[in-house]
Each structure stands twice: as structure tokens, then as C-alpha cells.
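Worksheet: the structure to be examined is printed underneath.
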2 protein chains.
Amino acid sequence: MGMRGTSVPCKAGGKLTARGLERQRLILRAAQGVFLEQGFEQACLADIITRAGGSLSTLYRIFGNKLGLFEAVIKETTCELFERLEVEQWSEDSGTTLHDFGRKLVELVSSPEALSMYRVALAVNSPDREQVQRIFYEQGPARIRGLLQRYLESQCRKGLLDLDDCEIAAGQFIDMIKAPWHQQALLGLPHDPQIRQRALEQGVKLFLDGARTVR
Amino acid sequence: MGMRGTSVPCKAGGKLTARGLERQRLILRAAQGVFLEQGFEQACLADIITRAGGSLSTLYRIFGNKLGLFEAVIKETTCELFERLEVEQWSEDSGTTLHDFGRKLVELVSSPEALSMYRVALAVNSPDREQVQRIFYEQGPARIRGLLQRYLESQCRKGLLDLDDCEIAAGQFIDMIKAPWHQQALLGLPHDPQIRQRALEQGVKLFLDGARTVR
DNA sequence: CGAGTACTGTAATATACATTACGTTTTTTG
DNA sequence: CAAAAAACGTAATGTATATTACAGTACTCG
């Protein structure tokens, strides 16, 4: 009899031997591929096992059920993606800092993995949809926005920028440099990669012209 | 033997009697509800018929198959939504015009129907995914951006605004006033409705400060 | 009115998959 | 080493649902 009743599919049944960890890692990686390609409902567990090697029973013992595996993939992937965004220089020069941050961000969110992740997270439609989506949002977009928000706030305190609401402004900056190619990319429609560069330049310019205290 | 082979599921088999049109309309409306709630793959045709009345056979005769019905729903819904966006005053005063346009746009894209439509369009994963998504994008977001783009271009020609690339700028304005609540709304996470108002105000301000020629 | 067509209802067909069960083999560990 | 636990492989179970078939009823239009 499985552990189906509990809403928290376990991953911590017994001890974790080296081989066990390896198995877990292999399944997780295969699942990442399949889920990101197919989405939650379309993904087939048998496919995942085919890719990962091993057996279905093992998958169930480790992750409980399909949703448990999916949640693990969401967490894993979202964190992996977030870690790509290492901005080293939060300097006092808003221009170069924003430009640098923007460039890294554009690189991140235009990557196939990030686009798939976003699409798949939106598409979930299981009973636990709300929980899954919260995990994604808070581990991903919200954390990124938080980084920028804190920078903007510090710049405002120093009197270098003048913004009513730094949380909103951070969101606006981020969305501004994603527009208009991100929407198309999410929908799988092609776009000229150069447009990303131009949107970044223009976005930084617009934002700073609007937000700088010194006119 | 059905008409499965052709990639264009017919809707124009025979003549359209009054009763036939009524049937078509009822099925379409029910399908709209079910597809927008469940997404393409999750939606169940039997459910649709239960809501619409009538019989499964009729559905298949009219729309060919599930995908044909879905495409019809996409077109119908996207057009319905677009028509809500009637901006009457494209005046020379960029401030009030953008504010007016923004207000209407925010109303539109924060509506449950528009959010569902967006989510469902992203989530499609059938073989014809590309075609479906193109229909949505071109009938919906692209058309809306086009409206604004043309306005911005005319303002630039008159020397009232100064923008490098009005297509990008239009996208940026639109995304700016949607940030940051739209992402949360798409994910089904709650947000303070007041934030929509504030994002609008701040977005217009930022955009105009950055784009106006007269400083 | 009556033939042809549209519509209805229900049942049959076929497939795809999540989830379990179970017997065997390998690995871990006391 | 030997018992316990983990991993394996395969088959069984059960469900959901797209799609088709068919037989009967209601419309429509010449």
C-alpha cells in the first residue's frame, strides 16, 4: 500500500545510499527533460524511466507519484535557473548596473530551459496547481525581482533615483526589457535575436530617463 | 470515415440552417467555457456536449475533431476580447491618451477570460501547436500592440515624442503597465487590485518622462 | 407530402497511462 | 556472511476519453 494519502509525497523514506542518490538524480534529470518538453499532464512516466534507466517502482518509491516528481523537478529547475543570474557588480552607477543586470536577465529568460519552465508552470492544471505555481513564482520570478528591488531601494535612499514604488518599478524594468520578444518566444514563435539587444538598450534608457532624479 | 486527414477541419460541410447555426453557436459557447477552464488536453468533449445539449455526433460533423473545435474557440474568443478594447480618443495629448489606452488595456488583460485565454494558448501541446499559437498571437496581442504602435509613430512624426523604435516602445509600454501583477494573475496567485492602478500611473509617468521630447 | 438531410442518443472501439502487485536480483549493513 | 532493504522488470488493473458506428427521430424544402 502506497503513501498516496499524504499530500506531501515523500522523498525521505529511508536512508540515502550513494547508489540511491545516483538513481534519484538520474530520474530527476530525465523527468526534467520530459516535463519541460511535454508539460505536466502530457508527460508520460514510462518515457521518463526509459530515458533514466531503472524501473518505475523505484520512481514511485522515491517520489510518491507523478505530482511529487513534478514538484521536485520544479524546485530543482527553478533553482538551477536562478543560479545562472550572478550579478557581481551592484555599483552606484545605475546605468551600467542596470545594463549589466538586464543583459544577464535577458540571457537567462530567453534560454530554452527558462522559456519551457515558464510555459509548463503556467500550464499546470492539476488539483495542486496553486501550490505548484506558488513554488515556481516564489523561487523564480519573485526572487529575481527582489534582487533588483533591493538595489533600486538603495539607490533611492542615496538620492540617485526617484521612484514611487520600487517593487513595482523593479517589475516594470524587468518586463520592459522582455517586451516584446518574450511573449512571442513563449508562444514558440520566432523573433529576430537582435531585437533583444535593442529592447534592452531602449528599456534602460527609458527607465533611467524616467527615474533619474537629475534631469 | 471522417475527414481526419485534412489539416483544416471543415465547418462548411453543407448549408447552414437556422437551427444548425444555433447548434454551432451553443457548442462553441460551451466549448469556450470548458476549454478556458481546463485547457486543450484536459478538456473533455463529453463535458462540452453535456453543457451544450445536443449530441457528440453533431459536434464531430461540424468541427471535425477536437482540434478543429479548439481552433474555432481560439478565434472566436480572441476576437471577442479584442473588441472590448475600443479606444475612442487618440488625441494629441500623449498623457491622457496613454492613460486612457492603458486603463482599458488593464481592464481587458486582467479579466478572467483574457487570463484564461492567455494561459490556455501557451499551454497547447498538440502537433498543430504552432498554428494555434500563431492564430492567438496575431489576432490578439499583436493587433493590440499595432494600435499603440501606430499612435506612437504618428506622435513621433509630429515631434511630440522621441522614440527609437515605436514597435519595441509599444511593447514596452504595454508590458510595463502589466508588470508586476500580470505574471501573478496568470499563475493564479492573488494580488492587490490597487496595484494595477499604481502600476498604470507609474508606467505612464516613466514612459512619458523617458519618451517626451520636451524635458 | 416525402425524400434527403440534419440531429439525437447510446453503445462500441481503441488507446494511452497512472498506479499496483509481485517475484527476482542486487546492494547494504550489522 | 546472512538478513534486510533497495532496485529491477514485467504484467495486471483500472480509468478516462477521443473517435466511430448505428439506428431512430425531427426538419426542411422542392
Side-chain angles (χ1 to χ4, degrees), chain A residues 1-6 9-28 30-31 34-35 38-71 73 124-128, chain B residues 1-6 9-28 30-31 34-35 38-71 73 124-128:
Chain A
M1 40 225 72
M3 59 235 359
R4 250 249 259 75
T6 69
C10 77
K11 177 195 300 191
K15 43 217 74 165
L16 303 176
T17 101
R19 187 151 162 269
L21 266 183
E22 182 62 8
R23 226 45 327 213
Q24 180 166 331
R25 198 171 300 282
L26 284 174
I27 293 178
L28 211 50
V34 173
F35 277 128
Q38 324 255 10
F40 175 66
E41 356 265 344
Q42 295 298 289
C44 166
L45 296 186
D47 284 358
I48 292 175
I49 287 306
T50 303
R51 289 202 199 182
S55 95
L56 205 46
S57 329
T58 306
L59 186 158
Y60 272 91
R61 195 168 27 72
I62 301 182
F63 296 100
N65 57 21
K66 192 179 183 182
L67 187 64
L69 177 58
F70 184 62
E71 283 183 11
V73 168
V124 186
N125 222 337
S126 80
D128 298 69
Chain B
M1 41 225 70
M3 61 242 348
R4 252 251 256 69
T6 69
C10 78
K11 177 196 300 193
K15 43 216 75 166
L16 303 176
T17 103
R19 189 152 158 266
L21 267 183
E22 181 62 10
R23 226 53 314 223
Q24 181 166 330
R25 198 171 299 283
L26 285 174
I27 294 178
L28 212 49
V34 174
F35 277 128
Q38 323 257 9
F40 176 65
E41 355 265 344
Q42 293 299 288
C44 166
L45 296 186
D47 284 358
I48 293 176
I49 287 306
T50 303
R51 288 202 200 184
S55 94
L56 204 47
S57 328
T58 306
L59 186 158
Y60 271 91
R61 195 168 26 73
I62 300 181
F63 296 99
N65 57 21
K66 191 179 183 181
L67 187 64
L69 176 58
F70 184 62
E71 283 183 10
V73 168
V124 186
N125 222 338
S126 80
D128 298 71

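So that the names make sense, note that chain A is the first sequence line, chain B the second, and so on, each numbered from 1.
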All N/O contacts under 3.5 Å from nucleotides 12-16 of chain D to the protein, with atom names and distances to one decimal?
none

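- The OH atom of B/Tyr60 sits 16 Å away from the C1' atom of C/dG9 (whole-angstrom rounding).
- Atoms CD (A/Glu22) and C1' (C/dT26) sit 16 Å apart, rounded to a whole Å.
- Following rounding to the nearest Å, A/Leu45 (CG) and C/dT19 (P) show an atom-to-atom distance of 7 Å.
- Atom pair B/Arg23:CZ and C/dT5:P shows a separation of 21 Å (rounding to whole Å applied).
- Residue A/Arg23 holds its CZ atom at 11.0 Å from CG of A/Leu59, rounded to the nearest 0.5 Å.
- Atom CG of A/Leu21 sits about 9.0 Å away from atom CD1 of A/Ile62, to the nearest 0.5 Å.
- Across B/Ile49 and B/Gly54, no two heavy atoms sit closer than the pair CG2-O, 3.3 Å.
- Here D/dA6 presents its C1' atom at 5 Å from CZ of A/Arg61, a figure rounded to the nearest Å.
- Shown here for A/Phe63 and A/Ile27, the closest heavy-atom pair between the two residues is CE1-CG2, 3.8 Å.
- Atom C1' of nucleotide D/dA18 and atom CD of B/Gln42 are separated by 14 Å, given to the nearest angstrom.
- Looking at every heavy atom in both residues, A/Phe70 comes nearest to A/Val124 through CE2-CG2, 3.7 Å.
- Listed in residue order, the members of residues 46-59 of chain B having a heavy atom less than 4.0 Å from DNA chain C are B/Gly54, B/Ser55, B/Ser57, B/Thr58.
- Atom CD of A/Glu41 and atom P of D/dA18 are 13 Å apart (whole Å).
- The CG-C1' distance, from B/Leu69 to D/dA18, rounds to 13 Å in whole Å.
- Contact record, A/Asn125 with B/Gly39: ND2-N, 4.0 Å, taken as the closest heavy-atom pair.
- Which of C/dT19, D/dT19, D/dA6 sits closest to the side chain of B/Asn65 comes down to D/dT19.
- Here the shortest heavy-atom pairing between B/Lys66 and B/Glu41 reads NZ-O, 3.3 Å.
- With sequence neighbours left out, the salt bridge (Lys or Arg N to Asp or Glu O under 4.0 Å) criterion links B/Arg51 to B/Glu37.
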Assess whether side-chain contact (heavy atoms from CB on, under 4.5 Å) is satisfied between A/Ile48 and A/Phe35, documenting all intermediate values.
CA-CA 9 Å; A/Ile48 292 175; A/Phe35 277 128; 4.1 Å; yes
